[in-house]
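What follows is a short report on a single structure.
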Amino acid sequence: MRKLTFLLACLILVGVGLVNAQTKSISGKVFSVDDGQPIIGATVRVKGTSNGTITNTDGEFRINLPENATNLVFSYVGMKTVEVEARNGMTIKLESDSRQMDEVVVTAIGIKRSQKALGYSATTVSSDEITSTGNRSALNALEGKVPGVQITSASGAPGSSTRVIMRGFSSLGGNNQPLFVVDGVPINNDVINKNAIGSNSSLNGGFDFGNRANDVNPDDIESMTILQGGSATALYGSRAASGAIVIITKNGSKANNKARVDVSSTTTFETPLRLPYLQNEYGQGWYDRGGGTSDLKENGSWGPRFDGKIRKWGFAVDNQQQIKPYVGLKDNIKDFFDTGLTLNNTIAVSNGDDNKSYYMSFGNITSDGIMPTSADSYKRNNLSLRGSSKFLKIFTASASLNYVRKEMSFVPTGQEQSVLDGVWQTPRDISIVDQKDYNNKFNNVDNYFTIFAQNPYFVLNEHGNKFLENRTFGNVSLDAKIFPWLTAKFKLGSDVANSSLKTWRAIVKSTRAAYNDFVGQVSEDSYYTSELNSDFMLVVNKDFSDDFTFSAILGHNFNQRDSRSQGSSIIGLSTPKFYNLSNSASTPSVYETLTQRKLVGAYGSVDFGFKNMLFLNMSARNDWSSTLPASNRSFFYPSISGSFLFTELLDNKDILSYGKIRAGIAQTGKDADPYQIYDVLLQTSHTDGYRTLDYPLTNYVNGKPVAVNGFSVSDLIGNPDLKPEISTDIELGVDLKFFKDRLGLITTIYNKSVKDLIWRATVPVSTGFAQQTQNLGELNNKGIEISLSVTPIKTRDFEWEVFANFSKNINKLVSLKSGLDQISLGGTSTIDFVARPGSELGLYEGTVPAKSPTGQIIVNAQGLPVFSDTKEVIGSSQNKYRIGGGTALTYKGFKLHASIDYRNGGKIYSRTAEMAYFTGSAKQTTFNDRQPFIIPNSVQAVTSADGKTTYKENNVAIAGFSNTLNSFYDQSYNAGIGSGYVLLDKTFFKLREVSLSYSLPKSVLSKTFINSLELALVGNNLLLWTPDSNMFIDPESTTFGNDLAADFGENGATPSTRSIGFNIKLGF
Amino acid sequence: MKRIKYYLAALVTSVMLLSSCSDSFFNVNTDPNNPAVSTPTYVLPSAISGSAYVMGGYYQALGGFWSQQYGQASGASQWIEWESYNLTEDGFDRQFSTIYSGSLEDYENVRVSSAATANWKFYTIATLMQAYTFQVMADLYDQVPFTEALKGLNNLQPKYDKGELVYDSLLARIDVAISKDFSAPSAQAPGNADVIFGGDMKSWIQFANTLKLKIYLRYVNVDANLPNGNRYNDKMVALLAENNFLTSDAKFTAFKDETTGGNPFWNTFGDRLSGNVVANNTMINFLNDNNDPRISKLYNAAATGGQFLGIDTGDSKNNPSLTISNYATPTLLSDHTAPVYFFSKEEALFLIAEAQFRTGNTGSAATAFNDGIKASLVSLNLSDTAKRYTFDGTIKSIIIQKWVAATNKRSLESFFDYNRTGYPDNFAKSKTSVLNDNDRPKRLFFPSSERKSNANTPKKVALTVPVWWAK
């Protein structure tokens, strides 16, 4: 920091005239009061002149004093300026000044404002914090670092998406993701996560090709500012109703006309962070077949107890059969996974000064995940160019261009020939890796040991997908300083992405059993999205006096988003292993979808400051959206916020060095998705969830084929009365710094109410429709965010910093339109994901055992609990609170940095757990040594001839090996242990990041061409702790997209990963 | 320099003022991907195929299981809960949705648009097929949304109507539909849009008469205490005298030998969820006992062993060493383009036989009975003399023949016939039944999708409670 200041000071002094000849020379030394160390780069100026110098690396200075001058002025960033009479050999001590430490924050629409003037909380994360572990995703690097922000990475699959939720869910449908703004222009954050091939249900697997905000190269980022509340984001308008992340990229302006090259290189190795803890007592077999003897074609571990004897396994092929000892293989799943490898390299060249600058960089990431083969891989190339220049005195032009090319392959999640389904369905005694050669006669499609699942190596190698994306985003801007107090700014940004996705599945044809047979499939999809955004604004800065400052903004925003997607697919391949749309005798299915939406906004904002102590901001914006009916198209929302620096009134700031109270109230509006207003018809397609009947059809009339096309009334009924969603956000906070800023405390409380929630509600199908986009309720989030930073030790060589943050958000669906007692947010057939008035969003509703009037569990003739007539809420997906934190220890060139993330409360659905129970691999299934047991306190219902129901004590045991035991652990058709068994505790503690770095001292590097060299050992997600009730998964996992529905859980997500590696940062 | 500044200031001001936008600028919210209106030519086939898709798919399968034509194979377990009658409320949600928000709504769309333009042929076809479909839903659920259904925004919470009221209304609608003037110049020829009869309105009148006869016969239990045993006795007599019933199949045939275009039973039950559906011993034993040649046309012999081995209902877990290859399987399982039948020719004849018998014409009943069996054999490419059963003057003999002939075609109707008449009386008790004693399901639960979204959904009713016309 001090070195940087040295450079800055040098800059400032450019242009300072040479000193007068009639002088005397004065020398001296400048120290810091805080730590007693010399201050390097402090400015020494002769009072009343422009003559000056700066202190050297020992804090010493020498200056020539003109005859008529007596006093010297000493100043340094963050220190109080001191004026002293000059004398030779003088020693000056500077003390820190918290007022001057005030940071400058980039706020909405790119306006830089001083932190103290903000009436809301805004957290800025610096480049160092983002890149310390070489994470490919700047968003993942924020995990646990910002209070109030919940960041969740979907899975361990390379390139998968990251979800960012600020201050709870504020929208039901639409989009709860913040607006991502890069250098003043919003960028697209879509996730391309089409359902897996051959599937028309989100449960039967899907792809996740990442959210696009993750395309920004973290090494290009200078800072990220997180704006959460309505007061902070109001000027961005409706698109930032869920918050905004303002990303400022690096430019060359600090290079001081000395071109610099920065190289960053990270290599990390990934291993699964959490694999299920499974039982190792019982092996292959099924509960109701063979009465406890092994059944060699089964996909479960409901067989006999391990005895270590040599047994046959698998099918007999050519009169041969394999043998192996009948023992549990503790690591059979762990052994299946590979070590992933990620290489992340960036080289950047930059130069510039205050008047002109350029920056260019090239980044490359190559990642192959933990699945064997390269079926899970991610390659990204980033090319960034930007530059700016001042000209004709009043103009500043700048431009930025980013090109991203991504190539990905993703291993589909969920059911139906998924890799993990094959893994989970391997009995505990069977080695998975031994079946790697899937062409071997014992392991091939015909003879794979179980007829109920597929060899995961076959799936990995023979089915596949390839995603390719070319994306360009950037902006051009022109500022004109028309008058000293008036600047006009125009910025035009664009973000265009072209993507293509090819997926294919091989023909599967087994002579032994047809369960897995498939005719083969190919699909090709292409996606185009474009976003055009312009902002024109006038910025006024007119301070009426030293005490009274004023600034204002008047602006206009235009935003247009277009998308186009097209796709074709064929089912039923002619030539095996040839994947092209031509390779089928069947009619290809085709689709195209175009969307366009336009948004225009006009906004204004005024800021008043009084005596650097009282600040007031008022702003308002009006949006016009094309997606709403004409009568409701225009919506207006104001905001007001202020802050009071009460420490300005204090004389002594030794204990309380900085204190600010802030408050704000703001409204924000939000529009709907396009095409929700009018009824339409769709080309007809019928489905039963497994297969489809797609138009056009071919009918036969008198034996001759006749083509028939069909259109069917869309299930979505239009809503001509749709209104914008309006949120009202109140925020109060206190920012305090103690002991000369060694201790900092920021506390914020907020209350955000959203009215007229827009949601695609279910309407009864008996209306002839199934859904309608409605304004159907009110939602509230209130919460508290506290962040604390402490610097217990700070000397010249050693510094220890600790930071921690706490967030608690209470989310509540306040009301729903009359007639609705709940809405469905998704879920599976056994567990619904719902929202009910009076509770938080994201409740799990499941079947529960029926109870007799006296509270006893009712069981059926098999001794298994029967379903209660109604489903009940059996858990919530929402965390109770979250704690993030970290520490940094710096000793000379060494720096140890670590961060943690703890989230408490809530549940998560896990298909991984469900499969472990189903297959008898879960430890819980060894309950009672799998011997018969009667459910305690259970009764059977007896209906007498006159229709009366009485209850008698149940004496039917749930049979052990012979029958029904599995049914107890499978809630498809009886209430078993209660459907809550697939809900795991979401609580976790993670050691997110650890890095140990060493920067070579300048003294060593000074003889080389190298400016800086930092070597680091880095680790991400090193430790995961979960409560005992979760023996299965990393509870961050999800396969349900990137928004509210993602909170439901995982439907077979690739395990998240622990990564360990090293990082080199080189500057020259 | 100064001048530039003023130009800039002027430009700035004008841009700001221009930011008020005209409406046409924003008029981009009309879905370019899907039409706002279509014509009956495209909506009618969609509606009919929706009915066919459900009735020929899940409903055909359920009917087959519950009338013991089909069984769940060992070695798989997809349909074991249908056999144990252990249904959940959401088990048939998708079918209910496909029918209501799909085909019934599409019929309604055709009815409304064609009534407005006096396009009577389309109107009549849509009305008859909608009535046919409504009746199936009323028979499965007893109470269904009807008078307030399909009204979109005008009624987002349709009430449920009693089945009897639905029936009355359907009969009235059928009569209105067939009274329309098909020769009116405004009546377009449906041509190929009528995927059942190619626009032949005579066939649709026959369809209407057959449907009415089917409806009339549902009243035999309800009106048992009336003098003639049926409030529609006179109408039934008149209808029989007019004798203008279907003489050919009313079937949907527009299937392709493709995964996205095949017969829904083949596609889902035969191909996608292969290994589950096999022959049921109840039917296999009947055919074997009577040396009926249809056995080899209704079922494929077991892949392993070549026998016509069936399975008992609910017996799938007791033969762990057997899989589907050891059993005979329904031929429909392997027929990619098998039609879906709304009425088969033989079903019409068995309806006539029963109506004739119930109205006292045993001779005519016997003729129709024999013709029905003949039609069944012919439809299976067997000689019409291959097998004779004798009409013994009982309802039972008619219904049993109807049951055999309905295999792979109209299995759900056999389920209704059993509920109505108690025949066939050879049904075995399911070995895994969760119901008491010999209880069998008589209806479906109200869909959970309706329960979640429609406050007017009636309380849950046990599966064993008969629908209004059933025994």
Side-chain angles (χ1 to χ4, degrees), chain A residues 288-290 480 482 488 514-515 519 536 538 556 571-572 586-587 589 593-594 596 598 600 602 624 626-627 630 674-675 677-678 680-682 684 686 688-694 697-701 706 708-713 715 717 762-770 819 860 869 973, chain B residues 5 8-9 12 15-16 19 21 23 26 28-29 31-36 38 42-43 45-46 50 53 57-58 81 86 94 97-98 100-101 105-106 108-109 145 149-150 152-153 156-158 192 195 198 253-254 256 258-261 267-268 272 274-275 317 320 434 436 450 453-455 460:
Chain A
D288 57 354
R289 302 205 179 105
I482 302 171
Y515 303 130
V519 291
F536 182 81
L538 292 175
H556 173 269
I571 303 180
S586 297
T587 318
S589 301
T593 310
L594 304 165
Q596 185 178 74
K598 292 177 180 177
V600 169
W624 292 265
S626 70
T627 66
Y675 317 137
I677 298 171
Y678 309 112
V680 293
L681 294 96
L682 312 173
T684 310
H686 307 294
D688 56 14
Y690 291 102
R691 286 282 169 85
T692 60
L693 177 64
D694 294 344
L697 305 177
T698 304
N699 199 12
Y700 290 86
V701 178
V706 172
V708 182
N709 201 3
F711 279 85
S712 177
V713 178
D715 281 356
I717 186 168
T762 304
V763 299
V765 293
S766 47
T767 60
F769 298 84
N860 62 16
D869 276 354
Y973 294 98
Chain B
K5 286 181 181 177
L8 270 174
V12 165
V15 168
M16 306 294 289
S19 70
C21 292
D23 264 1
F26 285 110
V28 293
N29 205 30
D31 188 347
N33 308 299
N34 300 294
S38 187
Y42 301 111
V43 183
S46 300
Y53 190 76
Y58 262 63
E81 307 301 339
N86 193 11
R94 193 186 285 272
S97 302
T98 305
Y100 263 92
S101 64
E105 173 64 23
D106 288 342
E108 194 70 9
N109 181 282
L150 312 177
L153 284 179
L156 287 172
Q157 299 279 296
N192 293 329
V195 288
T253 55
K256 287 183 273 197
E258 290 179 7
T259 307
T260 54
N267 210 341
T268 296
R272 170 64 183 78
S274 56
K317 288 183 178 178
V434 296
N436 290 334
E450 279 282 300
S453 56
N454 186 352
K460 186 176 181 179

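In what follows, chains are A, B, ... by sequence order, proteins preceding strands, each numbered from 1.
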Between [X] and chain A, with a heavy-atom cut-off of 4.5 Å, which part of the residue counts as in contact: side chain, backbone, both or neither?
X: B/Asn436; result: side chain
X: B/Thr98; result: side chain
X: B/Asn109; result: side chain
X: B/Glu450; result: side chain

Which residues pass the side chain to side chain donor-acceptor pair (under 3.5 Å) test with B/Ser97, not counting sequence neighbours? none

Quiz question: by atom type and distance under 3.5 Å, do the side chains of B/Thr253 and A/Asn699 form a donor-acceptor pair? yes

So which residue, [options], ends up with the most heavy-atom pairs under 4.5 Å with chain A?
options: B/Leu156, B/Asn454, B/Thr268, B/Thr260; value: B/Thr260
options: B/Gly57, B/Gly261, B/Gly152; value: B/Gly152
options: B/Asn34, B/Asn29, B/Val28; value: B/Asn29

Part of [X] lying under 4.5 Å from any heavy atom of chain B:
X: A/Val763; result: both
X: A/Phe769; result: both
X: A/Leu594; result: both

Name the member of [options] that forms the most heavy-atom pairs with chain B at distances under 4.5 Å.
options: A/Val706, A/Thr587, A/Val708; value: A/Thr587
options: A/Val701, A/Thr593, A/Thr762, A/Ile677; value: A/Thr593
options: A/Thr627, A/Thr698, A/Leu697; value: A/Thr698

For residues A/Val600 and B/Phe26, determine if any side-chain heavy atom of one lies less than 4.5 Å from a side-chain heavy atom of the other.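 A side-chain contact exists here, since the closest heavy-atom pair is under 4.5 Å.
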
Is the closest side-chain heavy-atom distance between B/Asn267 and B/Thr259 below 4.5 Å? yes

Nearest 0.5 Å, what's the OG1-OH distance between A/Thr692 and B/Tyr53?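 If we round to the nearest 0.5 Å, A/Thr692:OG1 and B/Tyr53:OH are 6.5 Å apart.
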
Let me confirm one number: the CZ-CG distance from B/Arg272 to A/Asp688, rounded to the nearest 0.5 Å.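 Here the interatomic distance stands at 9.5 Å.
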
Do the ring planes of B/Tyr58 and A/Tyr690 sit parallel (below 30°), tilted (30 to 60°) or perpendicular (above 60°)? parallel

Under 3.5 Å, is there a donor-acceptor pair between the side chain of A/His686 and the main chain of B/Gly50?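 Flag set: sc A/His686 to bb B/Gly50 pair under 3.5 Å.
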
Mind checking side-chain contact (heavy atoms from CB on, under 4.5 Å) for A/Ser712 and listing every partner two or more places apart, or none if nothing turns up?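 Applying side-chain contact (heavy atoms from CB on, under 4.5 Å) to A/Ser712 gives A/Thr684, B/Ser46, B/Asp106.
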
